[in-house]
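Residue numbering restarts at 1 for every chain, and letters A, B, ... go by the order of the sequence lines.
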2 protein chains.
Amino acid sequence: MKAKQRKSPLRPSVAEALAESIFSGHYQPGDFVPKELALCEQFAINRSAVRSDLRQLVDVGIIERISGHGSKVREYADWNILDPQVTAWMTRYAAPNPKVQREILTFRLDVEPYVAMTAAKRATARDLVAIEEAYEGMGQYLHNADSGEERRLHSDYDVAFHEAIFKATHNIVWAQLSHILRPSIYLLVSMSNVSETDDPAESLERHRRLMECIRARQPREAFRAAQAVLAGTAKALGLEAPETSLGRSVELD
Amino acid sequence: MKAKQRKSPLRPSVAEALAESIFSGHYQPGDFVPKELALCEQFAINRSAVRSDLRQLVDVGIIERISGHGSKVREYADWNILDPQVTAWMTRYAAPNPKVQREILTFRLDVEPYVAMTAAKRATARDLVAIEEAYEGMGQYLHNADSGEERRLHSDYDVAFHEAIFKATHNIVWAQLSHILRPSIYLLVSMSNVSETDDPAESLERHRRLMECIRARQPREAFRAAQAVLAGTAKALGLEAPETSLGRSVELD
DNA sequence: ATTGCCCAAATGTTGAACATATGTCAGCGT
DNA sequence: ACGCTGACATATGTTCAACATTTGGGCAAT
């Protein structure tokens, strides 16, 4: 038999490669990406595949195709950053792009306290299980954080923690929006390689308090606890809750 | 010369036709849509075009392609309802589908009061102009509402009003989320054909109060004013703020 | 200098052929 | 009678080649 294992190790994904180039800033809004035939040659695939992948980028608003001219990178505001595929790319490649990251963190500062408040009102026992399991996972991989693997696992549970809170709102729109927080959480990982501005133990404690507020059905306290968590994240990222700091200035009473 | 006018009245969009069938409930989650070759025949186009259109539905999570079997409609929860294309389809075709509409209205009840509060803190003079122009447009087409054209214009300004508030948050994520409110606003139009459960003048007055709160930079009052607007919408739609009525039970003080 | 025409280049569309995955069912053995 | 196996039909996935259309710019005539 012929070596069947290698039969479909997937063709090189042009969409993936272009996304990396664009998100990392190599191609910027207004630039033109290479033409179809050039990409065919570069990746050694046929034109149908290239067109299929380019369409993927068009559908999420990242590039714009001008018939007879080329494919242009669109303005950031046109990008469909609510698309899970886009946030996945952002998570992987946008680390060196602070502009996009700041926008996302600003949104999180807006939204997550409110989501936490909503979760505190609607969370079921099953939701609490998911939140608690994620929290315990965070604690499990908290120490011995010099290993990159450990840090990655910690982030996975961090994401799971926040996603569980979004899902506890029991609304499909909120649940789908949870994609948006991945980029900033993973950015936290890659940045903590260089700067240790945040104490993991304190961060964990803030998460614990948020969890307890949701469990105890205390919406107002959950709101504040989520603010505290986000403030810690913002500080660790060196993004000092930009001018649009709603989360901080909210006055609930 | 040959009749050139008809050369590109666009090929029939299979994606559009399938979207209509799916959103209106003709095909439901679990059903299989016609196979590629059947669609080729039905719409008299080639297979590449069909595949291109089907891919569009796959990318937004509406259908799932099973190699060698067919294309299946996915569960509602898997649909990427944050995609502008999806909300556009929903606006046009989902009017008779109350299940999806309820989810969206629930989300609006969650989100819009908060967006209004945020807008009350960040809105610039330019934002206020946009909001006010939309409000005046609503008032202009309020009366003589027996004309379908008048009602459509009123809805356009209604959408513009709410979108302007989303944009006044000055965050690209909120701004993009404004797509989500189109379906329920347009549903309001089609339903007010049959049931006159809402007084347009009262609705306009609620919008005016919301606008004034944002102008006066009164976040808490804006929150409540937005709740009042949404409650009116929910009542007009006959959707009595479902069990997940966060917007009603919020207690800010 | 402006206008109009024509051409090159890039994207858009089409059709066919081949490859791969999936479900069905007849045939065989236990 | 039950279950496994392999061939077959069907539907989706991939590749290739050719043609159509759109865009931008050069060139020439006015």
Contact string for nucleotides 8-18 of chain C, one letter per nucleotide 5' to 3', B = base within protein heavy-atom range under 4.0 Å, S = sugar-phosphate only, - = neither, reads --BBBBBB-B-
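Between the side chains of A:D158 and A:S155, no donor-acceptor pair of N or O atoms lies under 3.5 Å. Side chains of B:D83 and B:H179: a donor-acceptor N/O pair is absent below 3.5 angstrom, by distance only. Side chains of A:W89 and A:E16: a donor on one and an acceptor on the other come within 3.5 Å.
Counting to the nearest Å, the P atom of D:dA11 and the CG atom of B:L39 are 12 Å from each other. If you measure from atom CD of B:E64 to atom C1' of D:dA11, you get 15 Å, rounded to the nearest angstrom. In this structure, B:E41 places its CD atom 12 Å from P of D:dA11, rounding to the nearest Å. For the pair A:K72 NZ and D:dG24 C1', the interatomic distance rounds to 14 Å; values are reported in whole Å.
Using a 4.0 Å cut-off between charged side-chain N and carboxylate O, A:R151 and A:D156 make no salt bridge. Of the charged side-chain nitrogens involved, at least one lies within less than 4.0 Å of a carboxylate oxygen, so that B:R51 and B:E36 count as a salt-bridged pair.
Within the 3.5 Å criterion, the main-chain N or O of A:M138 finds a donor-acceptor partner in the side chain of A:H154.
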